[in-house]
Amino acid sequence: MKKRAQFSLFCIVLLLTGILGSTLAFAAGTTAGGAVPSPTVEDTTNAINTVSIKKELIFINDAGSQVREPNVTYTYTIEAVTLATTDNVNVRDVDGISGKVKSGVAAALPAETSATIVFKEDNALVATSANGIAATRYVDYAFDASQFPGPGIYRYVITESNTDKASVGVEEEATYVKTRYLDVYVRKTSETDTTPVIYGYVLFEDTTTTAFDAYADPTVNLDKKSEGFVNTSDTSAGEYSDVDVYRTQDLTITKETKGLMADKANDFPVTITFAMPAAITADVLVNTALGGNATLDGTDTDSVGTYVTLDATSFEGTVDDGSSISFIGVPEGTTFSIVETNNTPDSYKVKISLATDGDLLAEAIIPAGSTTASSTATAIDTTSDVTITNTLDMISPTGFVTRFAPYALLLVGGILLIVLGRTAVRRSSKKQEA
């Protein structure tokens with residue numbers, strides 16, 4: 001008796017949890033345009049004609065900068081699943097009530113069975129973090145419930161296709177799957193009205209013949225239910241699975257001019273050269289920011305900031321003491337190198353250093369009008385802070401020997417002649433006296 005009471009209490013709690021989950025799902029669905037499976041949507045009172053499928057793209061940047069979205073379009077096509085008469089696919093709920101899953105009804109689908117999700121649609125900037133932040137989009141499907149022949153559970157398959165996401169730096173994480181299945185739950189309007197009404201959706205990731213059993217112990221396949229094309233691991237912990245990820249990092253180049261004879265106001269010309277990973281073949285827009293008196297050529301400006309297009313490989317600019325050039329949201333794995341020109345009449349010692357890895361260009365004297373060697377090509381795998389240090393210390397007053405040696409030698413020779421002459425005179429006098 002005690003066990004039965006505990007089981008009944010468990011069922012009540014589970015039912016309340018399901019109702020709360022459905023309420024939250026509808027709250028989320030109002031933004032998406034439909035009801036969002038999370039993973040199950042149910043409303044036994046009102047008809048649910050539209051369902052929303054969630055798509056996540058995880059944005060990672062160690063500096064937490066706002067970055068531009070990659071230019072990628074996803075297309076989602078929904079089709080009716082045809083189940084064979086021999087496919088004994090059943091769903092059993094927590095109360096032990098079961099029903100057989102039926103083939104989907106194509107006529108109940110919208111006239112347009114494909115829908116798209118576009119990133120970079122509004123040239124938007126999105127939030128990032130070192131562990132990743134998900135940007136979320138939804139695709140909606142509006143069903144015509146009147147086309148269902150009667151109550152039942154009807155199965156559909158949703159397939160994702162896309163433009164070449166690898167070409168813009170979007171990566172598929174492990175076990176990425178491009179299909180999801182959708183069960184549509186249909187009932188009569190009432191005991192006396194047989195008009196079909198949709199009262200629930202279940203989205204899952206598995207196969208066309210997946211069955212569910214919430215009554216069994218252990219339950220069967222409930223872990224296959226899904227919110228959509230989303231991360232199945234813990235984003236907050238920096239873990240990713242079955243989801244798309246866009247990794248970018250920032251590069252900041254700062255000038256330091258030092259030494260008692262250095263010209264801190266001089267604008268030294270620099271050239272920054274990028275090489276993106278081989279898989280990235282499309283144009284990538286990267287925001288830029290200038291600090292102090294820095295300049296950068298080859299930039300454009302739109303509604304979300306000033307940017308460069310990384311289909312170009314090199315960008316020229318200038319930096320003086322304390323100024324900086326930043327590239328924000330560079331696809332991770334891109335390499336960079338830097339060259340500086342000494343446009344002063346003096347010789348400077350120049351070195352280029354990365355805060356995390358030491359010197360990328362060992363210190364060397366760069367004569368007036370000369371250019372440094374290229375710094376070591378370095379991959380941008382995290383926030384990269386580079387310093388170009390130009391040093392001009394006091395110049396020693398050299399040339400003393402060269403300029404005054406002849407006169408010093410004449411003076412020394414004259415003194416020697418005088419000394420030698422006096423010595424000779426003294427010796428001659430002594431001889432005469434003797």
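The structure presented is a predicted model; accordingly, all values stated were derived computationally and were not measured.
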Can you find a pair of side-chain heavy atoms, one from Pro367 and one from Ser347, that are under 4.5 Å apart? yes
Asp346 versus Thr344, side-chain donor and acceptor atoms under 3.5 Å: no
With no hydrogens and no angle check, do the side chains of Asn61 and Thr248 hold a donor and an acceptor under 3.5 Å apart? yes
Both conditions, 6.0 Å and 45 degrees, for the charged tip of Lys225 above the ring of Tyr201: are they met here? no
Atom pair CD1/OG of Ile133 and Ser236 - distance to nearest 0.5 Å: 11.0 Å
How are the rings of Tyr199 and Tyr185 set relative to one another: parallel (under 30°), tilted (30 to 60°) or perpendicular (over 60°)? perpendicular
Indicate yes or no: at least one non-hydrogen side-chain atom of Ile352 is less than 4.5 angstrom from one of Asp359. no
Closest non-hydrogen contact found for Ile48 with Gly200 is CD1-N, 4.1 Å
Hydrogens and angles aside, do Thr306 and Thr288 bring a side-chain donor and acceptor to less than 3.5 Å of each other? no
Inspect the contact between Lys224 and Asp213 and indicate whether a charged nitrogen and a carboxylate oxygen are less than 4.0 angstrom apart. no
Between the side chains of Glu171 and Lys165, is the shortest nitrogen-to-carboxylate-oxygen separation below 4.0 Å, so that they form an ion pair? no
Please collect all side-chain hydrogen bond (donor to acceptor under 3.5 Å, both in side chains) contacts where either partner lies in residues 291-300, sequence neighbours excluded, each pair once. Asn293-Asp320, Thr295-Thr318
Distance-only donor-acceptor check, side chains Asn390 and Thr257, under 3.5 Å: no
Quick check: do Pro149 and Val105 have side-chain heavy atoms less than 4.5 Å from each other? yes
Judged by atom type as modelled, is there a donor-acceptor pair below 3.5 Å linking the side chain of Thr73 to the main-chain atoms of Val118? no
Under the criterion side chain to side chain contact (heavy atoms under 4.5 Å, CB included), I'd like the reasoning laid out for Val308 against Leu296: C-alpha separation, chi angles, the key distance, then a yes or no. CA-CA 10 Å; Val308 294; Leu296 183 65; 4.3 Å; yes
Does this structure show an ion pair linking Arg247 with Glu173, if we count only N-O contacts that are shorter than 4.0 Å? yes
Step-by-step side-chain hydrogen bond (donor to acceptor under 3.5 Å, both in side chains) determination, Ser314 to Thr273: CA-CA 4 Å; Ser314 297; Thr273 300; 2.9 Å; yes
Worked check of side chain to side chain contact (heavy atoms under 4.5 Å, CB included) between Thr208 and Thr210: CA-CA 6 Å; Thr208 55; Thr210 297; over 6 Å; no
What verdict does the salt bridge (Lys or Arg N to Asp or Glu O under 4.0 Å) test give for Lys255 and Asp321, after you've listed the backbone C-alpha separation in whole Å, the side-chain angles of each residue and the deciding distance to 0.1 Å? CA-CA 5 Å; Lys255 161 63 66 179; Asp321 182 60; over 6 Å; no
Would you say that Ile325 contacts Val319 through its side chain, given a criterion of any heavy-atom pair below 4.5 Å between the two side chains? yes
CG/Asp164 to OG1/Thr281 distance, rounded to the nearest 0.5 angstrom? 6.0 Å
Closest heavy-atom pair, Pro110 versus Ala142, reported as atoms and distance to 0.1 Å, is CD-O, 3.2 Å
For the pair Asp244 and Lys55, find out whether any cationic side-chain nitrogen is under 4.0 Å from an anionic carboxylate oxygen. yes
Can you tell if the side chain of Asp62 reaches within under 4.5 Å of the side chain of Gln249, non-hydrogen atoms only? yes
Side-chain donor or acceptor of Asp95 paired with backbone N/O of Ile97 under 3.5 Å: no
If we count only N and O atoms by modelled type, under 3.5 Å, do the side chains of Asn266 and Asn343 hold a donor and an acceptor together? yes
Of all heavy-atom pairs linking Thr219 and Ala214, the shortest is CG2-O, 3.7 Å
One should read off an interatomic distance between Asn342 CG and Ser370 OG, to the nearest 0.5 angstrom, of 7.0 Å
List the atom of Pro196, the atom of Phe148, and the distance in Å for their closest heavy-atom pair. CG-O, 3.3 Å
Within-4.5 Å side-chain heavy-atom neighbours: Tyr246 and Pro331: yes
Main-chain N/O of Leu360 paired with Thr376 side-chain donor or acceptor, under 3.5 Å: yes
Do Lys178 and Glu172 sit within salt-bridge range, that is, some charged N less than 4.0 Å from a carboxylate O? yes
Look only at the side chain of Asp87 and the backbone of Val89, and say whether a donor-acceptor pair between them is shorter than 3.5 Å. no
As an exercise, state the distance from OG1 of Thr341 to CD1 of Ile366, rounded to the nearest 0.5 Å. 9.5 Å
Ser384 side-chain N/O to Thr382 backbone N/O, donor-acceptor pair under 3.5 Å: yes
I want to check something: taking the side chain as every heavy atom from C-beta on, are Leu222 and Phe212 in contact at a cut-off of under 4.5 Å? yes
Name all pairs fulfilling the side-chain hydrogen bond (donor to acceptor under 3.5 Å, both in side chains) condition that reach into residues 97-117, sequence neighbours left out, sorted by first residue then second. Thr77-Ser114
Between Tyr348 and Phe268, how do the two ring planes meet: parallel, tilted or perpendicular, split at 30° and 60°? perpendicular
Evaluate the side chain to side chain contact (heavy atoms under 4.5 Å, CB included) criterion for residues Thr75 and Asn162: first the C-alpha distance (whole Å), next the side-chain angles of each, then the deciding distance (0.1 Å), finally the verdict. CA-CA 6 Å; Thr75 300; Asn162 51 267; over 6 Å; no
The reported gap from CD1 in Ile388 to OG1 in Thr254 (rounded to nearest 0.5 angstrom) is 8.5 Å
Please determine whether side-chain hydrogen bond (donor to acceptor under 3.5 Å, both in side chains) holds for the pair Asn88 and Asn90, giving the CA-CA distance in whole Å, both sets of side-chain angles, and the decisive distance to 0.1 Å. CA-CA 6 Å; Asn88 191 26; Asn90 291 289; 3.0 Å; yes
Is it true that Ser326 and Thr252 share a donor-acceptor pair across their side chains at a distance under 3.5 Å? yes
Is it true that Phe336 and Phe274 have ring centroids separated by less than 6.0 Å? no
Tyr76 ring center within less than 6.0 Å of Phe229 ring center: yes
Quick check: do Ser233 and Tyr240 have side-chain heavy atoms less than 4.5 Å from each other? no
Minimum heavy-atom separation for Pro37 and Leu203, please, with both atom names. CB-CB, 3.9 Å
Is the distance between the ring centroids of Phe143 and Tyr154 under 6.0 Å? no
Does one side chain, of Asn131 or Ser129, offer a donor that lies under 3.5 Å from an acceptor on the other? no
Any side-chain donor paired with an acceptor under 3.5 Å for Asp250 and Ser65? yes
Given the rule in the side chain to side chain contact (heavy atoms under 4.5 Å, CB included) test, do Leu361 and Lys351 qualify, once you have shown the distances and angles that lead to the verdict? CA-CA 5 Å; Leu361 180 66; Lys351 70 175 180 177; 5.8 Å; no
Could you tell me which non-hydrogen atom of Arg187 sits nearest to which non-hydrogen atom of Thr189, and how far apart they are? NH1-O, 3.2 Å
Looking at Arg137 and Glu69, is there a salt bridge between them, counting it only when a charged N and a carboxylate O are closer than 4.0 Å? yes
What's the spacing between Thr163 OG1 and Asn71 CG if we round to 0.5 Å? 7.0 Å
